[in-house]
Amino acid sequence: MNLDIKHYPGARTITLLCLFVLYAPMVVITLYSFNSLRSITRWGGFTFDWYLKAFDNPAIQSAAFNSLSIALCASTLATAIALCAAMALLRGHPFRGQTALFGLINLPLMIPEIVTAVASLVFFIAIDLSLGLGTLLIAHTVFCIPFAYLPISARLKSISRQYDEAARDLYASRWASFRHVTLPLLMPGVMAGAMLAFIVSLDDFIVANMVAGPGASTLPMTIYSMARIGFTPEINAVSSLLLATSTLFVALSWLLNRPGRDRP
């Protein structure tokens with residue numbers, strides 16, 4: 001059965017309409033971030049002034065530093081945990097509860113983010129842990145694990161066990177086989193998972209808003225606070241930079257782990 005979209009003009013029209021509704025607001029935000037007027041509805045000329053003002057804003061600088069620090073640490077920890085989980089589930093000996101563990105790793109992908117945020121907040125309050133950057137790091141690390149796990153597990157499934165077996169036949173230990181054979185072959189998936197986890201942490205608002213606490217504002221939280229006062233091209237500039245960063249990392253993640261790329 002031929003499912004080529006060109007044979008279904010109605011489906012093609014609906015697809016293009018959905019893409020327009022999805023991406024048109026992003027284009028408008030980016031366009032008006034270069035508006036010389038403070039207005040977000042009337043064009044007055046091209047300028048980079050709002051980007052310069054955004055970089056000079058102390059609140060934005062502090063929030064950006066918090067976001068980048070948390071995203072870097074959370075993505076590193078989440079990727080390390082995801083790598084261990086992938087090796088245990090896909091290359092280790094079968095064990096009781098293996099299917100349940102796989103479901104638990106991917107659970108944050110299936111439940112609403114607000115539920116994860118509220119549950120994290122209740123947990124931190126229950127154990128009497130003060131809200132701040134520490135709780136934000138813990139929450140983001142847990143939340144990012146499945147996003148790092150998916151590219152890593154997909155890459156690992158494509159790597160033949162024969163490479164590891166050949167290394168073991170040459171008297172390599174399990175650690176040496178993993179470090180010199182499996183890990184280099186797995187590295188594109190690891191990098192893709194780390195990039196995906198990084199951008200998920202950087203862009204998160206709901207979990208951060210719940211567990212960050214006073215004085216631990218992230219960039220999405222700062223953008224939201226500024227937008228409540230009133231939209232300005234400065235907000236558009238920060239949003240455009242965040243959008244560009246997200247697009248870049250997601251594209252690099254896909255390029256590193258795309259199907260058919262450098263498969264052993």
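Between the side chain of Ser62 and the backbone N or O of Ala59, no donor-acceptor pair lies under 3.5 Å. Remark: the backbone N or O of Ser217 is paired with a side-chain donor or acceptor of Asn66 at under 3.5 angstrom. Under a 3.5 Å cut-off, the side chain of Ser67 and the backbone N or O of Ala63 do form a donor-acceptor pair.
In plain terms, the two heavy atoms of Thr141 and Ala78 that are nearest each other are O-CB, 3.6 Å. The nearest pair of heavy atoms linking Thr47 to Trp50 is CG2-CD1, 4.2 Å. The minimum heavy-atom distance linking Tyr51 with Ser33 is given by the pair OH-OG, 2.7 Å. In plain terms, the two heavy atoms of Ala54 and Glu234 that are nearest each other are CA-OE2, 3.7 Å. The two residues Ala216 and Met221 make their nearest non-hydrogen contact at O-SD, 4.4 Å. Minimum interatomic distance between Asn106 and Met110 (heavy atoms only, all atoms of both residues): O-CE, 3.5 Å.
Within the model, atoms CG of Leu136 and SG of Cys73 stand 10.5 Å from one another, a figure rounded to the nearest 0.5 Å. The CD1 atom of Ile145 sits 11.0 Å away from atom CG of Leu109, with the distance rounded to the nearest 0.5 Å. The CG atom of Asp203 lies 8.5 Å from the OG1 atom of Thr245; values are rounded to the nearest 0.5 Å. Distance CD1/Ile125 to CG/Leu131: 6.0 Å, rounded to 0.5 Å. Between the CD1 atom in Ile60 and the CD1 atom in Ile223 there is a gap of 7.5 Å [rounded to 0.5 Å]. Rounded to the nearest 0.5 Å, atoms CD (Glu113) and CG (Asp204) are 4.5 Å apart.
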In sequence, state the C-alpha distance, the side-chain angles, and the governing distance for Asp56 and Lys53, and then conclude on side-chain contact (heavy atoms from CB on, under 4.5 Å).
-> CA-CA 5 Å; Asp56 289 336; Lys53 290 182 179 180; 5.7 Å; no
Yes or no on side-chain contact (heavy atoms from CB on, under 4.5 Å) for Thr222 and Asn57, after CA distance, side-chain angles and deciding distance?
-> CA-CA 11 Å; Thr222 300; Asn57 190 316; over 6 Å; no
Please test Met226 against Val238 for side-chain contact (heavy atoms from CB on, under 4.5 Å), starting from the C-alpha separation and ending with a verdict.
-> CA-CA 11 Å; Met226 294 171 63; Val238 179; 5.6 Å; no
Could you walk me through whether Phe178 and Arg91 pass the side-chain contact (heavy atoms from CB on, under 4.5 Å) check?
-> CA-CA 11 Å; Phe178 170 76; Arg91 289 299 174 89; over 6 Å; no
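Linking ILVMFWY residues whenever their side-chain heavy atoms come closer than 4.5 Å, directly or via other members, leaves Phe198 and Ile70 in distinct clusters. Using a 4.5 Å cut-off between side-chain heavy atoms of Ile, Leu, Val, Met, Phe, Trp and Tyr, with links allowed through other members, Ile138 and Phe205 fall into the same hydrophobic cluster. A continuous path of hydrophobic side-chain contacts links Phe123 to Ile206 [ILVMFWY only; heavy atoms under 4.5 Å]. Note: the hydrophobic cluster containing Val181 also contains Leu90 (ILVMFWY, side chain heavy atoms under 4.5 Å, direct or indirect links). In the hydrophobic cluster analysis, where Ile, Leu, Val, Met, Phe, Trp and Tyr join through side-chain heavy atoms closer than 4.5 angstrom, Trp175 is grouped together with Leu83.
In this structure the side chain of Leu89 reaches within 4.5 angstrom of the side chain of Tyr149, judged on heavy atoms. Between Thr135 and Leu121, every side-chain heavy-atom pair lies at or beyond the 4.5 Å cut-off. Contact annotation: the side chain of Met210 never approaches that of Val207 to less than 4.5 Å [non-hydrogen atoms, C-beta and beyond]. In this structure, the side chains of Val211 and Phe124 come closer than 4.5 Å at one or more pairs of heavy atoms. Side-chain contact check for Asn236 versus Val28: every heavy-atom pair is 4.5 Å or farther apart. Considering only heavy atoms from C-beta on, Leu202 stays 4.5 Å or farther from Ser246 through its side chain. Looking at heavy atoms from C-beta onward, Leu243 lies in side-chain contact with Thr247 at the 4.5 angstrom threshold. Using a 4.5 Å heavy-atom threshold, the side chains of Ile152 and Leu186 count as touching.
Taking the six-membered ring for Trp and thresholds of 30 and 60 degrees, Phe46 and Phe48 have ring planes more than 60 degrees apart, a perpendicular arrangement.
Ser201 and Ser75 form no side-chain donor-acceptor contact under 3.5 Å, judged by distance and modelled atom types alone.
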